Every structure is written in C-alpha cells, then in structure tokens.
Amino acid sequence: MTLRKAAPVLALTALLLSGAPAHAGNTLIAKAQAVAVAKSALTITPDREWNKMGARPGRNSETWTLDGDGLNDVTFYGGIETDRTLFREVNRRVKPLPRFSATMLLTDIPALLENSYLIALATPLMTIESVAPCTFAGAKGVTFTYRFTRPDEEVRRKGEGYAAIIAGKLYMATFEAPDIYYYDRDIAGFRALAASARIGAAPNP
C-alpha cells in the first residue's frame, strides 16, 4: 500500500480508536480450535486468531475483533429464546426492544436486528439491503446485508449476517466494519467463521 493510499486508512483508524474505549477481560481466541460462543452450544472454529471483547452486547452474545472495536466486529448470538431481546434493554418503559419469537419466519430476523439497532444503539440510519436463503450451523437459515452509521459519527458501515432458528432458538452471527478498507479486507474471514458454525456439545471453556 502506498503512503497516499495508506493516509485515509490511518486517519480512519485514529478516528475510530479515539472513540473506542478498551475493555478489561479481552481474551485471545486461538486458531484451529473449536470454541463455544455466546454461552451456548454454538461452536466456531476460527482459521486465525481473534480477540474476544470483554464487554457483551447482550445476555447471550459476544463480540470478536481483529483490530479493535469499531474496525471489524463479529457478534455471535447464541440460543436466543422466545420473548428475549438481542441486546440489554435501554429503557423498557419508553422504548422497549423487540423480542424474538420461535414463530418468526427466517425473513423476519433481519428486521429484528434492524429494529433492535434503532433502539439499543440509537442508530440514526439502518438499512437492510439484501436477504437470501442459506445454510447456517447445519440448518436452513437466512443471510442478509445491511448498512448503518453510529450516532455522532460520519463513518459509513457495512454489515453481513447469517442466522437460523434451531430447536426454537435463534442463532446468529454478524460482521460489521467501515465500508472503507476494513469491510472488504475482512469479510472473507468472517465468512470462514460463519461456515465453521456448528451446534453440538460445547467444548470445555
């Protein structure tokens, strides 16, 4: 990469890292070893090392990153049960989060994430761009793409997700990164994680 091309990337990195506080308790995830994620029976086998963030967005979720929060985030949602939210409630009385139901269609899952973002993250803009059938964790699932921005931030972000409803519970993995440089660089790595997803006996922590 030339210095001219690298400059915008370095500036973007500095901008994002300045607003991304470090969290204690981050854990290194080793490559080529199956690991249970999101306190569930969903297992992932990474083909490279990842960092698991210490902060969890919800009760049954966890986030991994390669370079830091806001640069390339993979979030796993494991075994979300009926009447449960994807994220922690922000203000249940005024703005309750939407809740998952085992009776939902697979095509309802992208809208569940979209509506959850609008409330939990106060996202000013969230758009689902595509929805298509797929196989995820060995089951019939749905894959989708989306775009959004964070509050008080001009960086445009792209996302991709895979989800399936298995035994009445929601299992999902999403990837998000700035649409400049990081998304294109790391989307293949996320797809490798999603392809490795399995439901089975969880390895010992």
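As the structure is a prediction and not an experimental result, all values here were calculated from the model. Reckoned from all heavy atoms, side chains included, excluding hydrogens, waters and symmetry mates.
Ser40 places a side-chain N or O within donor-acceptor distance of the main-chain N or O of Leu42, the cut-off being under 3.5 Å. At distances below 3.5 Å, at least one donor-acceptor pair connects side-chain atoms of Glu62 with backbone N or O atoms of Ala38. Between the side chain of Asn26 and the backbone N or O of Gly54 there is at least one donor-acceptor pair closer than 3.5 Å. Side-chain atoms of Thr82 never come within 3.5 Å of backbone atoms of Ser101 as a donor-acceptor pair (strictly under, hydrogens ignored). Between the side chain of Asp108 and the main chain of Leu105, a donor-acceptor pair closer than 3.5 Å is present. Listed for the Arg56 side chain is no donor-acceptor partner under 3.5 Å among the backbone atoms of Met53.
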Pair Arg59, Arg88 - check side-chain contact (heavy atoms from CB on, under 4.5 Å), show working. CA-CA 7 Å; Arg59 178 180 179 183; Arg88 295 182 179 88; over 6 Å; no
From CA spacing to verdict: side-chain contact (heavy atoms from CB on, under 4.5 Å), Leu106, Lys140: CA-CA 9 Å; Leu106 286 172; Lys140 182 179 179 181; 4.0 Å; yes
Carefully, step by step, assess Leu66 and Leu71 under the rule side-chain contact (heavy atoms from CB on, under 4.5 Å). CA-CA 8 Å; Leu66 289 171; Leu71 295 180; over 6 Å; no
Derivation of the side-chain hydrogen bond (donor to acceptor under 3.5 Å, both in side chains) call for Thr145 and Ser130: CA-CA 5 Å; Thr145 60; Ser130 68; 2.6 Å; yes
Start with the C-alpha gap between Asp73 and Arg150, add the side-chain angles, then the distance that decides, and say whether salt bridge (Lys or Arg N to Asp or Glu O under 4.0 Å) holds. CA-CA 14 Å; Asp73 297 342; Arg150 291 182 174 182; 3.5 Å; yes
Assess whether side-chain contact (heavy atoms from CB on, under 4.5 Å) is satisfied between Leu86 and Leu170, documenting all intermediate values. CA-CA 10 Å; Leu86 297 180; Leu170 173 62; 3.9 Å; yes
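With sequence neighbours left out, the side-chain contact (heavy atoms from CB on, under 4.5 Å) criterion links Thr123 to Tyr117, Leu121, Met126, Phe148.
Counting only heavy atoms from C-beta outward, the side chains of Pro96 and Thr85 never approach each other to under 4.5 Å. Looking at heavy atoms from C-beta onward, Ile109 lies in side-chain contact with Phe100 at the 4.5 angstrom threshold. Using a 4.5 Å cut-off on side-chain heavy atoms (C-beta onward), Val35 and Ile29 make contact.
Taking the six-membered ring for Trp and thresholds of 30 and 60 degrees, Trp50 and Trp64 have ring planes inclined between 30 and 60 degrees apart.
If you look at Tyr162 and Phe190, their ring centroids are closer than 6.0 Å. You'll find the ring centres of Tyr183 and Phe175 inside the 6.0 Å limit.
One distance of note links OG of Ser196 with CD1 of Ile44; it measures 4.5 Å at 0.5 Å rounding. With values rounded to the nearest 0.5 angstrom, Arg147 atom CZ is found 5.0 Å from Lys158 atom NZ. Taking CD from Glu114 and CD1 from Ile128, the interatomic distance works out to 5.0 Å, rounded to the nearest 0.5 Å. Leu112 CG to Thr107 OG1: the interatomic distance, rounded to the nearest 0.5 Å, is 12.0 Å. Taking OG1 of Thr45 as the start and CG of Leu193 as the end, the distance is 9.5 Å to the nearest 0.5 Å.
Glu176 and Tyr146 are linked by a side-chain donor-acceptor pair at a separation below 3.5 angstrom, with hydrogens and angles left out of the test. Between Thr75 and Thr63, the side chains place a donor N or O and an acceptor N or O closer than 3.5 Å (distance only, hydrogens not considered). Side-chain contact, Asn72 with Asp186: a donor N or O sits under 3.5 Å from an acceptor N or O.
The hydrophobic clustering, which links ILVMFWY residues whose side-chain heavy atoms are closer than 4.5 Å, places Tyr77 and Val37 apart. Phe136 and Val74 end up in the same hydrophobic cluster when Ile, Leu, Val, Met, Phe, Trp and Tyr side chains are linked at under 4.5 Å. Leu118 and Val155 fall into different hydrophobic clusters, where Ile, Leu, Val, Met, Phe, Trp and Tyr are joined by side-chain heavy atoms under 4.5 Å apart, directly or via other members. Taking hydrophobic clusters as Ile, Leu, Val, Met, Phe, Trp and Tyr residues chained together by side-chain heavy-atom distances below 4.5 Å, Ile187 does not share a cluster with Val131. Tracing side-chain contacts under 4.5 Å through hydrophobic residues (I, L, V, M, F, W, Y), one never reaches Ile199 starting from Ile165; they form parts of separate clusters.
The pair Arg191-Glu160 meets the salt-bridge criterion, with a side-chain N (NZ, NE, NH1 or NH2) lying under 4.0 Å from an Asp/Glu carboxylate O. Under a 4.0 Å N-O distance rule, the pair Asp179/Arg156 qualifies as a salt bridge. The residues Lys169 and Glu81 are annotated as salt-bridged, a charged nitrogen and a carboxylate oxygen being separated by less than 4.0 angstrom.
For Ser61 against Pro57, the heavy-atom pair with the smallest separation is OG-CG, 3.2 Å. Closest heavy-atom contact between Met172 and Thr174: CG-CG2, 4.1 Å. Between Pro133 and Thr143, the closest heavy-atom pair is O-CG2, 4.3 Å. When every heavy atom of Ala173 is checked against every heavy atom of Phe76, the shortest pair comes out as CB-CD2, 3.8 Å. In terms of heavy-atom proximity, Ile119 sits nearest to Pro98 at CD1-CD, 4.2 Å. Scanning all heavy atoms of the two residues, the minimum distance from Gly70 to Pro178 falls at O-CD, 3.5 Å.
The environment of CZ in Arg84 is sparse: at most 12 heavy-atom neighbours from other residues, nucleotides or ligands sit within 6.0 Å.
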